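Here the structure is a predicted model, which means the values were calculated and not measured. So you know, we letter chains A, B, ... as the sequences are listed, proteins then strands, and number each from 1.
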2 protein chains.
Amino acid sequence: MLAEKRLLADLEGLNSPGRETLQERVYQELKRAMMQGRFAPGSALPLRSVAAAMGTSLMPVREALRQLAAERAVEVLPNRAFAIPKMTRAILADLGRTRLLIEGEAARLAAVRQGPRIADQLIALRDKISAATGAHDRAAYRSYNQEFHFCIYSAAGSPVMLHVIETLWLQAGPYLNLSFSDASGSPIVSQIRHEEAIEAMQKGDGEAARDAIVADISDAMEWIMPQLE
Amino acid sequence: MLAEKRLLADLEGLNSPGRETLQERVYQELKRAMMQGRFAPGSALPLRSVAAAMGTSLMPVREALRQLAAERAVEVLPNRAFAIPKMTRAILADLGRTRLLIEGEAARLAAVRQGPRIADQLIALRDKISAATGAHDRAAYRSYNQEFHFCIYSAAGSPVMLHVIETLWLQAGPYLNLSFSDASGSPIVSQIRHEEAIEAMQKGDGEAARDAIVADISDAMEWIMPQLE
DNA sequence: GCTTCCATACTGTGATCACAGCTGCTATGA
DNA sequence: TCATAGCAGCTGTGATCACAGTATGGAAGC
């Protein structure tokens, strides 16, 4: 009996990935696709189409979309239909301003509280980013860049800020792809900011860390902005 | 025909309040009840109980709760059950720190961009707050205080920040009630901060506006914190 | 008296169906 | 030829049901 229970407990751990609800899977899948910019801005997301694509009924899709809508990642039209939000220059600027504020503060906190402790992880990620840039692997670049930033933000020790930042990235996510729609030098500029951030973390210098992150975001925004519309 | 169409168009406007979905109504009702602190922290929200209380089926309740969960206003337990989150001192402090940052900045923006234009509204709200305080009407106080703050935040012209602030209030909402669990002087302190805020708005002084809001939030936090646990 | 087991009730999940509103097309009329 | 009525196909909403997992209660065994 006891052995059986132990076995079940072990299996439980193994089951847990499969134990995720369909709703969860649909949510994650949509989120991933959106952040990769797979949907055109303004395009509709009919429940039945998404459900058919995912091989589920309408229900998990409805809940996943509503959750994404609550996070402002998808829009609810007056018709109550779901759609990918259209990004305007004004909204993107607003998003950028808010990111500067909160991600800058998170970076400052991270440097002060955990700075030297995460420097090694950041250096490893910087190397991966360099490799991805060299290989012109945009997907890898985006992925590692995101890891780099969130490695810092996680170290701030503020779950509330972390969640806010995640929702901001989710909203801006699809449009960050624009930064790499051609082979221009934007990523290289970013590398400089990352160096500055690493240095600030090593020193535990909060103000320098904030400045580095603020500059990084500003660079990206300046790059993306003229490409809109 | 044309007249008929016009009539329908007119009726459409009238219908719109009734056209809200059940899900929307359940969502609003739950939100309102939560912000008034009607649910004990940690208490469960079984779908069927809520549905019975609202007189609907499970579906609208499920979607409303999931939306609230996305906003961190309710918690999803490992059992996938919904519950009112338990607030710890650490989380409340985190929430407070984030509020200082973003609400302070929103106040600064509001003062610079629209300061004098909203001063009259703020003065009117201040008077209502005074009246509510004098009458010991806690519900009215809470309501007008919220209006006062969001009057400022709306004037910042940043929909992104406004939404973030709303989610922060929703998370902290139930615990703000603690500030008035007895007849102590906390609201009076708050009034001083409001005066400072109004003055800053009249002058269009961003820094002063930020300081006033930061002080207001800090006061409230300092008041609530020891009452927790 | 304490532990163990089993039945029952209750949890959220997800599929299916009926329905109302809207959109766009087509056929019919002037 | 053009306007209009009506039909067909979409849309999301919400109720109902079946189901699997979990907690809880009491009863039977040690």
Consider side-chain contact (heavy atoms from CB on, under 4.5 Å). Of B/Leu92, B/Thr98, B/Leu95, which one does B/Gln171 pass it with? B/Leu95
Does the [N] base have a donor-acceptor partner in the side chain of [X] within less than 3.5 Å?
X       : N      : value
A/Arg66 : D/dG12 : no
B/Arg48 : C/dG12 : yes
B/Arg80 : D/dG21 : no

Rounded to the nearest Å, what distance is computed from the [atom1] atom of residue [X] to the [atom2] atom of nucleotide [N]?
X       : N      : atom1 : atom2 : value
A/Glu75 : D/dG12 : CD    : C1'   : 16 Å
A/Leu58 : C/dG14 : CG    : P     : 13 Å
B/Met59 : D/dG14 : CE    : P     : 8 Å
A/Glu63 : C/dG14 : CD    : P     : 7 Å
A/Asn79 : C/dA20 : CG    : P     : 19 Å

Could you go through the side chain to side chain contact (heavy atoms under 4.5 Å, CB included) check for A/Arg97 and B/Val160 one step at a time? CA-CA 9 Å; A/Arg97 185 174 42 190; B/Val160 172; over 6 Å; no
Choosing from [options], which nucleotide comes nearest the side chain of [X]?
X       : options                : result
B/Leu47 : D/dG14, D/dG12, C/dG12 : C/dG12
B/Phe82 : D/dA15, D/dG14, C/dT13 : C/dT13
A/Pro46 : C/dT11, D/dG12, C/dA15 : D/dG12

Less than 4.0 Å between a side-chain N and a carboxylate O, is that true for A/Glu63 and A/Arg66?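 So A/Arg66 does not pair with A/Glu63 through a salt bridge.
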I want to check something: taking the side chain as every heavy atom from C-beta on, are A/Arg72 and B/His163 in contact at a cut-off of under 4.5 Å?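 The answer is yes, as the side chains (C-beta and beyond) meet within the 4.5 Å cut-off.
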5'-most by nearest nucleotide on DNA chain D - B/Thr56 or A/Leu45: A/Leu45
